[in-house]
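These values consider heavy atoms only, across backbone and side chains, with no hydrogens, waters or symmetry-generated copies.
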Amino acid sequence: MPVIEHKQFIQASILVCFNLARDVDVHTQTTLNTKERAVGGVTKGMLEEGDSVTWEAVHFGIKQRLTSRIIFMEKPHSFVDVMVKGAFKSFIHIHQFTAEEKGTTMIDHFQYKSRFGPIGVLIDKLFLEKYMKKFIAIRATELKKIAEIKTNQTFD
C-alpha cells in the first residue's frame, strides 16, 4: 500500500492554512490541471467533520468521480478524509498543520490501495505513485501561493 508524505512550509498563520485546505472553492483553484470540481455533497464553502463531497476530475485523460468524507477534524491542526466511492480500492488522506515561528508547516499524508490486486501493485510502481506525489505537491504549492497572497493582502 503506497504512502505519500509531502511537507510544505507556508508563510501564513495555521488558521489561514487550515481553512484554505478545507475550502471547496480553493480546492478547485489548486487543481486546475485536472479540472477538478465539486458536483455532489458540499459544493461550496468549508468542509466540516461528517461532510462529504463528490469531485469530478480528469485523470489520465478520463473523466472520473470520487466521493470523500471528512471523518475527523481537530481545528486548526488536522483533518482526515477517506474515499467512500471512486477509482481507488481505498484511501485515507491526513492533513496536518503545525504552527511555526514564521508560518505553518502543512503535511499531507496520503495512503491508498489500488484496485486489481497484483496488477494494481504494478500500476502503482510503474506510474500511479509518481503521479499522486506530483498531484499532491502541485496542490500544496498552489495552496501556499493563495495563503501567502491572502496573508500579504491582510498587512497592506
Side-chain angles (χ1 to χ4, degrees), residues 1-10 12 14 17-44 46-98 100 103-148:
M1 187 178 299
V3 176
I4 298 167
E5 186 169 285
H6 183 270
K7 292 183 181 184
Q8 181 74 58
F9 180 76
I10 303 171
I14 190 171
C17 296
F18 180 81
N19 286 340
L20 289 174
R22 63 193 181 97
D23 187 300
V24 172
D25 298 311
V26 171
H27 184 94
T28 301
Q29 292 173 35
T30 61
T31 56
L32 291 175
N33 56 328
T34 58
K35 301 178 182 124
E36 206 151 316
R37 62 188 187 106
V39 296
V42 177
T43 59
K44 296 277 181 203
M46 285 189 230
L47 295 165
E48 300 288 347
E49 188 171 339
D51 286 347
S52 64
V53 59
T54 299
W55 301 103
E56 184 176 86
V58 177
H59 295 280
F60 306 110
I62 302 166
K63 188 183 285 188
Q64 302 178 35
R65 286 193 177 194
L66 182 142
T67 302
S68 64
R69 176 171 287 118
I70 307 294
I71 62 164
F72 174 82
M73 187 173 290
E74 182 185 346
K75 295 177 183 180
H77 301 284
S78 66
F79 67 95
V80 178
D81 64 286
V82 297
M83 185 198 79
V84 294
K85 185 177 180 184
F88 296 99
K89 185 170 185 178
S90 65
F91 84 55
I92 183 167
H93 188 173
I94 302 167
H95 307 256
Q96 295 176 299
F97 305 86
T98 304
E100 307 287 348
T104 302
T105 298
M106 179 178 75
I107 302 170
D108 286 288
H109 182 88
F110 185 76
Q111 185 173 343
Y112 69 95
K113 187 166 187 168
S114 295
R115 296 187 185 277
F116 312 119
I119 293 171
V121 172
L122 183 62
I123 290 169
D124 289 340
K125 294 298 176 198
L126 291 176
F127 64 88
L128 186 57
E129 187 173 357
K130 182 179 177 183
Y131 178 86
M132 292 308 301
K133 283 180 182 178
K134 184 177 177 183
F135 178 80
I136 289 167
I138 289 170
R139 184 171 185 280
T141 299
E142 293 302 311
L143 195 136
K144 172 185 172 70
K145 289 177 191 174
I146 294 168
E148 290 177 353

>> Can you confirm whether Val24 sits close enough to Val42 that some side-chain heavy atom of one is under 4.5 Å from a side-chain heavy atom of the other?
In response: yes

> Got a sec: does the CZ of Phe60 have more than 12 other heavy atoms crowding it under 6.0 Å?
Replying inline: yes

>> Quick one, Asp108 and His93 - any side-chain contact, counting heavy atoms below 4.5 Å?
In response: yes

>> Tell me every residue that passes side-chain contact (heavy atoms from CB on, under 4.5 Å) with Thr28, counting only those two or more places apart in sequence or in another chain.
In response: Trp55

> With Ile123, which residues qualify under side-chain contact (heavy atoms from CB on, under 4.5 Å), at least two apart?
Replying inline: Ile119, Phe127, Leu128

> Mind checking whether Val80 and His95 have side chains closer than 4.5 Å, heavy atoms only?
Replying inline: no

>> What verdict does the salt bridge (Lys or Arg N to Asp or Glu O under 4.0 Å) test give for Arg69 and Asp51, after you've listed the backbone C-alpha separation in whole Å, the side-chain angles of each residue and the deciding distance to 0.1 Å?
In response: CA-CA 6 Å; Arg69 176 171 287 118; Asp51 286 347; over 6 Å; no

> Would Thr105 and Glu100 count as a side-chain hydrogen bond (donor to acceptor under 3.5 Å, both in side chains) if you check the C-alpha gap in whole Å, the side-chain angles of each, and the deciding distance to 0.1 Å?
Replying inline: CA-CA 7 Å; Thr105 298; Glu100 307 287 348; 3.0 Å; yes

>> Would the distance check show the side chain of Thr104 and the main-chain N or O of Ile14 forming a donor-acceptor pair, the cut-off being under 3.5 Å?
In response: yes

> For Phe9, does its backbone N or O pair with a side-chain atom of Lys144 as donor and acceptor, under 3.5 Å?
Replying inline: yes

> Taking the six-membered ring where the residue is Trp, are the ring centres of Tyr131 and His59 under 6.0 Å apart?
Replying inline: yes

> Roughly how far apart are Met73 CE and Met46 CE, rounded to 0.5 Å?
Replying inline: 10.0 Å

>> Which residue in the set Glu48, Glu49, His27 passes side-chain hydrogen bond (donor to acceptor under 3.5 Å, both in side chains) when paired with Arg22?
In response: Glu48

> What about Phe97 and His77, are their ring centers closer than 6.0 Å?
Replying inline: no

> What closest approach, in Å, do Thr67 and Thr54 show between heavy atoms, and which atom pair accounts for it?
Replying inline: OG1-OG1, 2.7 Å

>> On a heavy-atom basis, which atom in Gln29 and which in Leu32 lie closest, and how many Å separate them?
In response: O-CG, 3.4 Å

> Taking the side chain as C-beta and beyond, is there a heavy-atom pair between Ser90 and Tyr112 under 4.5 Å?
Replying inline: no

> So, Thr30 versus Arg139: side-chain donor-acceptor pair below 3.5 Å or not?
Replying inline: yes

> Side-chain contact, heavy-atom cut-off 4.5 Å: His109 with Val3?
Replying inline: yes

> Do the non-hydrogen side-chain atoms of Leu143 and Met106 ever get within less than 4.5 Å of each other?
Replying inline: yes

>> Using side-chain contact (heavy atoms from CB on, under 4.5 Å), reason through Asp25 and Lys44 one step at a time and then give a plain yes or no.
In response: CA-CA 6 Å; Asp25 298 311; Lys44 296 277 181 203; 3.5 Å; yes

>> Rounded to the nearest 0.5 Å, what separates atom OG in Ser114 from atom CG in Leu122?
In response: 10.5 Å

> Under the side-chain contact (heavy atoms from CB on, under 4.5 Å) test, which residues partner Lys89, sequence neighbours left out?
Replying inline: Lys113, Arg115

>> Between Phe79 and Phe72, is the ring centroid distance below 6.0 Å?
In response: no

>> Using side-chain heavy atoms (C-beta onward) and a distance below 4.5 Å, is Met132 in contact with Phe91?
In response: no

> Roughly how far, to the nearest 0.5 Å, is the CD atom of Gln111 from the CD atom of Glu5?
Replying inline: 11.0 Å

> Are any of the side-chain heavy atoms of Ile71 and Asp81 separated by less than 4.5 Å?
Replying inline: no

